[in-house]
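Shown next, in structure tokens, is the structure this report addresses.
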Amino acid sequence: SCSGREALERELHRRFAVHRKQGEWFDLTPLGQPTQVVCAEVELIRQEAKDQGKTARYFYGETK
């Protein structure tokens, strides 16, 4: 679980699509400890969004 809404989840699904097993289930173990992999990716996504001028509100369903 992590804070954020649809935009963050959608991006995680996109980035991990190759590891999708079924529906909402992914096997991230080839990348390392799954919780750590997801946390690192969330931080990367947030930094990329910040670099693009998007604020934290972007992850809570608001624009920009």
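Residue pairs satisfying the salt bridge (charged side-chain N to carboxylate O under 4.0 Å, His left out) criterion with at least one member in residues 21-34, sequence neighbours excluded, are absent. Sorted by first and then second residue, the salt bridge (charged side-chain N to carboxylate O under 4.0 Å, His left out) pairs with a member in residues 30-43 read R15-E41, E43-R46; sequence neighbours excluded. Sorted pairs that involve residues 28-51 and meet ring-ring contact (aromatic ring centres under 6.0 Å, His included), not counting sequence neighbours, are lacking altogether.
The shortest heavy-atom contact between L31 and V37 is O-CG2, 3.6 Å.
Going from atom CG of L28 over to atom CZ of R20 covers 10.5 Å, rounded to the nearest 0.5 Å. The CD1 atom of I45 sits 5.5 Å away from the CG atom of L8 when rounded to the nearest 0.5 Å.
With sequence neighbours excluded, no residue forms a side chain to side chain donor-acceptor pair (under 3.5 Å) with Q33. Partners of Q47 by side chain to side chain donor-acceptor pair (under 3.5 Å), not counting sequence neighbours, listed by chain and number: D51. For F26, the ring-ring contact (aromatic ring centres under 6.0 Å, His included) test picks out H13, with sequence neighbours left out. Scored by the ring-ring contact (aromatic ring centres under 6.0 Å, His included) test, H19 finds no partners at all (sequence neighbours excluded).
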